[in-house]
Amino acid sequence: MANLINLENVSQSYGLKTLLDGVSLGVQTGDRIGVVGLNGGGKTTLLEILAGIIEPDSGRVSHNRGLDMAVVTQRAELDPEATVADVVLAPLGVATFEWASNARVREVLGGLGVAELGLETPVGSLSGGERRRVSLAAALVRDLDLVLLDEPTNHLDVEGVQWLADHLLARRIAVVVVTHDRWFLDTVANHTWEVHDGTVDVYEGGYNDWTFARAERARQADAAEQRRRNLARKELAWLRRGAPARTSKPRYRIEAAEALIADVPAPRDTVELTAFSRRRLGKRVIDLEDARVETPDGRTLVDDLTWRLGPGERIGLVGVNGSGKTTLLRVLAGAYPPAAGKRVEGQTVRLGWLRQELDDLDGDRRLIDAVEDVATYVQLGKKELSASQLAERLGFSAKRQRTFIRDLSGGERRRLQLTRVLMAEPNVLLLDEPTNDLDIDTLQELEDLLDGWAGTLVVVSHDRYLIERIADSTWALFGDGKLTNLPGGIDQYLAARRAAGAGTNGPVDLSGAGGAGGAGGAAQQEEQEKPAPKLSGKEYHELSKKLGRLEREMTKHSTRIEELEAEMARVAQDPESPDTARLTELDGELRAVREKHSEAETEWLATAEEMES
């Protein structure tokens with residue numbers, strides 16, 4: 001196992017804040033390292049020092065000779081005059097019209113949705129998220145020893161995150177990735193680096209193993225760490241109650257951790273919260289009746305939709321980018337009228353809406369003042385918190401609460417916006433991509449707050465872990481004009497997209513799950529009561545991986561068939577004399593490839609039927 005990068009006694013400071021203090025680390029071939037820690041703790045700085053983008057204040061960084069490395073950071077800048085093809089294909093020496101013959105390029109451009117942007121599109125006309133996807137594609141099409149990624153999942157939908165995880169696992173390259181996406185971290189990483197207080201702690205395994213280690217550390221801590229210990233115990237209990245956890249810890253450590261959580265109750269008492277929510281909200285929350293939701297340019301997103309949100313419901317809403325999730329959330333909030341039908345809101349509804357756009361607040365005011373403008377105290381479940389206590393739980397220290405709003409980073413403004421939404425004590429909460437710019441500790445605090453919150457919740461997120469953690473049911477927009485209930489959750493959503501050959505954002509026909517379009521409250525309840533798939537989570541995941549492998553095989557065979565047919569046509573049209581021996585050889589290979597394609601297609605159909613049974 002070769003050593004790719006070494007850090008020896010590296011230190012780095014910004015102003016009076018020390019981010020790294022005498023850190024020594026190494027990256028070896030085969031390492032897939034997830035880097036976690038608080039916002040502003042030094043994760044991106046560590047990545048840029050590894051990449052050689054910045055020089056440390058002291059210490060030594062050495063790279064293996066001949067190391068082929070790609071870096072995708074949040075501040076990567078692209079030439080606005082360059083086209084997508086210039087950025088992705090030109091460095092490979094691949095012409096725009098030749099890219100489809102390169103299997104890796106074809107897979108990357110399709111998996112990240114870059115081909116849909118148009119290869120001749122100028123980079124300057126793309127959104128920030130689209131530019132990030134182009135940068136990521138430009139890195140992944142190359143033959144690499146190591147790839148360094150900073151928040152690569154931020155602008156990917158659920159399918160894109162799944163594809164990226166599968167792609168990195170299939171490639172024999174080392175990976176160092178800064179991420180707050182816990183599902184992605186747990187799936188990809190075989191080591192975790194936690195950056196905090198100038199040091200980097202190294203753990204074996206992904207998010208699950210890191211959670212075990214933190215729980216054990218918290219168990220041994222003193223009384224001042226009581227709140228952190230309780231939070232770690234609760235998170236660990238939830239992990240162990242779910243599908244079999246991926247962990248490489250020795251059995252004796254697992255048994256010690258399970259003894260620690262033996263008396264930990266379920267994350268939330270759904271029955272109690274729902275009953276309390278009914279008392280607060282009554283029978284009617286928000287109803288959409290015979291609604292048609294359109295984009296401003298007239299494109300229909302959902303048609304003939306009757307959807308009744310009940311008291312205490314916790315709904316996760318998923319779909320590809322552009323399918324209309326945010327627009328549907330705006331309709332629920334009453335900020336965007338349906339093109340047809342009507343929206344009816346219960347009299348007792350107090351709506352809290354976390355939008356993707358940041359609030360326009362006076363930069364000359366202090367953070368705590370902006371929170372106390374909403375309320376001084378808030379009741380969340382059975383707990384009453386002051387504005388300062390809630391702000392502290394969401395990552396603002398007492399000292400930071402005195403900061404002027406103009407001095408806050410984008411991530412801190414996002415957390416401030418979330419704090420203000422919760423301080424309003426809503427009983428209906430609409431969250432649009434709440435994980436953007438939140439670190440893992442803040443996400444855990446948010447989930448802990450929502451565990452005891454009694455109300456109706458609709459969350460739009462590409463964070464698979466968050467959806468599975470806080471939502472009790474999952475709904476999807478597939479582009480077919482319907483809102484579809486998914487008893488099997490995110491796994492069923494991904495399987496449906498694959499089964500439909502979803503290389504584009506086109507409509508999907510999902511067998512076995514009903515849409516809410518045209519159905520009343522009784523129909524919705526009937527859909528929710530449908531039994532979950534008989535397959536276990538692990539079996540479903542393995543079959544999903546098998547489907548992906550078979551799809552890649554069929555694509556490879558189809559490409560080869562086209563190449564052979566073109567070669568046969570060229571040989572047959574030789575103006576001098578056709579090479580019959582060559583034609584016979586090509587014909588034999590063509591029949592063999594077609595047979596392999598047919599076998600893969602048959603196996604794919606059988607696997608898809610097994611998943612739907």
### Message
For Leu78 and Ser135: C-alpha separation, side-chain torsions, deciding distance, then whether side-chain contact (heavy atoms from CB on, under 4.5 Å) applies.
### Response
CA-CA 8 Å; Leu78 302 177; Ser135 297; 3.5 Å; yes
### Query
Quick check: does any side chain N or O of Thr187 sit under 3.5 Å from a backbone N or O of Ala165, one acting as donor and the other as acceptor?
no
### Query
Are Val459 and Leu317 side-chain neighbours, meaning at least one heavy-atom pair lies under 4.5 Å?
no
### Query
Hey, does the side chain of Arg350 reach the backbone of Asn427 with a donor-acceptor pair shorter than 3.5 angstrom?
no
### Query
Between Lys482 and Asp304, is there a salt bridge with N-O shorter than 4.0 Å?
no
### Query
How many angstroms lie between atom CD of Gln389 and atom OH of Tyr377, to the nearest 0.5 angstrom?
7.5 Å
### Message
Give me the atom names and distance for the closest heavy-atom approach of Phe404 to Gly363.
### Response
CB-O, 3.7 Å
### Task
Using a strict 4.0 Å threshold on nitrogen-to-oxygen distance, state whether Arg400 and Asp407 make a salt bridge.
no
#### Entry: Option among Lys325, Gln356, Glu357 that satisfies the side-chain contact (heavy atoms from CB on, under 4.5 Å) test with Asp432
Gln356
### Query
If you measure from OG1 on Thr179 to CG on Asn154, what distance do you get to the nearest 0.5 Å?
7.5 Å
### Task
Return yes if some donor-acceptor pair links the side-chain N/O of Arg131 with the main-chain N/O of Gly124 below 3.5 Å, else return no.
yes
#### Entry: Backbone N/O of Glu151 and side chain of Arg132: donor-acceptor pair under 3.5 Å
yes
### Summary
The reported gap from CG in Leu288 to NZ in Lys342 (rounded to nearest 0.5 angstrom) is 11.5 Å
### Task
Please step through salt bridge (charged side-chain N to carboxylate O under 4.0 Å, His left out) for the pair Asp364 and Arg406, ending with a clear verdict.
CA-CA 7 Å; Asp364 292 329; Arg406 63 171 178 267; 2.6 Å; yes
### Task
Answer whether the closest heavy-atom distance between the side chains of Ile315 and Leu457 falls below 4.5 Å.
no
### Task
Check for a donor-acceptor pair, side chain of His155 on one end and backbone N or O of Arg133 on the other, with a separation under 3.5 Å.
no
### Query
Taking atom types as modelled and ignoring hydrogens, do the side chains of Arg464 and Gln162 form a donor-acceptor contact shorter than 3.5 angstrom?
yes
### Message
Looking at every heavy atom in both Ala137 and Val114, which two are closest together, and how far apart are they?
### Response
CB-CG2, 3.8 Å
### Message
Quick check for you: to the nearest 0.5 Å, what is the distance between Leu446 atom CG and Thr442 atom OG1?
### Response
9.0 Å
### Query
Would Leu112 and Trp163 count as a side-chain contact (heavy atoms from CB on, under 4.5 Å) if you check the C-alpha gap in whole Å, the side-chain angles of each, and the deciding distance to 0.1 Å?
CA-CA 8 Å; Leu112 293 174; Trp163 177 88; 3.7 Å; yes
### Query
Is there a donor-acceptor pair closer than 3.5 Å between any side-chain N or O of Thr456 and the backbone N or O of Gly310?
yes
### Task
Please determine, by modelled atom types, if Gln401 and Ser388 share a side-chain donor-acceptor pair under 3.5 angstrom.
yes
### Task
Starting at CD of Glu194, measure out to CG of Leu38 and round the result to the nearest 0.5 Å.
8.0 Å
### Message
Return the CH2 to CD1 distance between Trp210 and Ile440, rounded to the nearest 0.5 Å.
### Response
4.5 Å
### Closest non-hydrogen atom pair between Ala370 and Ile405, with its separation
CB-CD1, 3.7 Å
### Query
At their closest point, which heavy atom of Leu477 faces which heavy atom of Gly324, and how far apart are they?
CD1-C, 3.6 Å
### Query
Under a 4.5 Å cut-off applied to non-hydrogen side-chain atoms, are Leu136 and Leu164 in contact?
yes
### Task
Would you check if the side chain of Thr300 reaches a backbone N or O of Val302 as a donor-acceptor pair within less than 3.5 Å?
no
### Task
Say whether, by atom type as modelled, one donor and one acceptor occur between the side chain of Arg402 and the main chain of Arg366 under 3.5 angstrom.
no
### Message
Assess the residue pair Arg365 and Leu361 against the criterion (side-chain contact (heavy atoms from CB on, under 4.5 Å)); give the C-alpha distance rounded to whole Å, side-chain angles, the decisive distance to 0.1 Å, and a yes or no.
### Response
CA-CA 8 Å; Arg365 306 206 65 207; Leu361 300 174; over 6 Å; no
### Message
Could you tell me if the side chain of Leu422 sits less than 4.5 Å from the side chain of Leu394, heavy atoms only?
### Response
yes
### Task
Determine whether the aromatic ring centres of Tyr465 and Tyr207 lie less than 6.0 Å apart.
yes
### Message
Would you say that Trp307 contacts Leu309 through its side chain, given a criterion of any heavy-atom pair below 4.5 Å between the two side chains?
### Response
yes
### Task
In sequence, state the C-alpha distance, the side-chain angles, and the governing distance for Arg393 and Leu449, and then conclude on side-chain contact (heavy atoms from CB on, under 4.5 Å).
CA-CA 9 Å; Arg393 290 198 64 173; Leu449 289 168; 3.6 Å; yes
### Task
List the steps, then state whether salt bridge (charged side-chain N to carboxylate O under 4.0 Å, His left out) holds for Asp287 with Arg308.
CA-CA 4 Å; Asp287 296 345; Arg308 308 186 192 280; 3.5 Å; yes
### Query
Do Phe478 and Tyr493 have their ring centres less than 6.0 Å from each other?
yes
### Message
Quick check: do Leu328 and Leu305 have side-chain heavy atoms less than 4.5 Å from each other?
### Response
yes
### Query
What are the two closest heavy atoms between Ile490 and Val158, and how far apart are they?
CG2-CG1, 3.6 Å
#### Entry: Pairwise side-chain contact, Pro434 with Leu354, heavy-atom cut-off 4.5 Å (strictly under)
yes
### Query
Shortest non-hydrogen contact from Asp157 to Asn321?
OD2-N, 3.4 Å
### Task
Spell out, as yes or no, whether a donor-acceptor pair under 3.5 Å connects the side chain of Arg292 to the backbone of Gly341.
no
### Residue pair Arg414, Glu412: steps toward the salt bridge (charged side-chain N to carboxylate O under 4.0 Å, His left out) verdict
CA-CA 5 Å; Arg414 180 74 168 166; Glu412 288 174 322; over 6 Å; no
#### Entry: Sub-4.5 Å side-chain heavy-atom contact between Val195 and Val35
yes
